[in-house]
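Each remark here refers to the structure printed beneath this line.
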Amino acid sequence: MSSTARFRLLFILGMCVCVIPTAVAVAEHFPLWINGGGIQTLSGIGAIMFFLSFVPIKRFLTKYFESPSAWFMWLCLFIVLVAFRSIIDSLIDICAIAAPTNAIGAILFRLARKEKEKITNIDERRSNSD
């Protein structure tokens, strides 16, 4: 398998590991649509948690987006939520899933970056030899 293929595979796998488990956990604990007065409305907490679960994608779509790493953000949120355990047990479950999956995603992204560096080095060697 070439370095380009390994880079793409690791990057896509990292993105899936970061986003999918967190989004599924949010969907299990917070319905996105709620009934309010006979009409369905968007659940505020559900929408916010879905937004947070897609932060890893936002990091790679916006070039100048500077923030702490996604796994560290989820870990900090997990620690705060443990302190308020009696109030928000559902959020603890979501963060318990999001922190380790985003940590695994960070490892996969680091491996993907190394593969990208290999590709860049190969391209530089080819251009220097011409």
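These numbers come from the heavy atoms of this one structure, side chains and all, not from hydrogens, waters or symmetry mates.
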| said: Would you compute the distance between atom CG of Leu10 and atom CE of Met15 and round it to the nearest 0.5 angstrom? | reply: 12.5 Å
| query | How close do Pro100 and Cys95 get, heavy atom to heavy atom, and via which atoms? | reply | CD-O, 4.2 Å
| remark: Rounded to the nearest 0.5 angstrom, the CD1-CZ distance for Ile119 and Arg6 is 8.5 Å
| Leu111 CG to Phe11 CZ distance, which is reported to the nearest 0.5 Å | 13.5 Å
| query | Can Lys114 and Glu117 be counted as an ion pair, charged N to O under 4.0 angstrom? | reply | no
| About how many Å separate OG1 of Thr22 and CD1 of Ile97, when rounded to the nearest 0.5 Å? | 7.5 Å
| query | Nearest 0.5 Å, what's the NZ-OG distance between Lys118 and Ser2? | reply | 11.0 Å
| Shared ILVMFWY cluster between Ile94 and Phe78, side chains joined below 4.5 angstrom? | yes
| said: When you group the ILVMFWY residues by side-chain heavy-atom contacts below 4.5 Å and let the links chain together, are Leu108 and Val19 in the same group? | reply: no
| Val17 reachable from Ile107 in the ILVMFWY side-chain graph, under 4.5 Å edges | yes
| If you round to the nearest 0.5 Å, how far is SG of Cys18 from CG of Leu13? | 9.5 Å
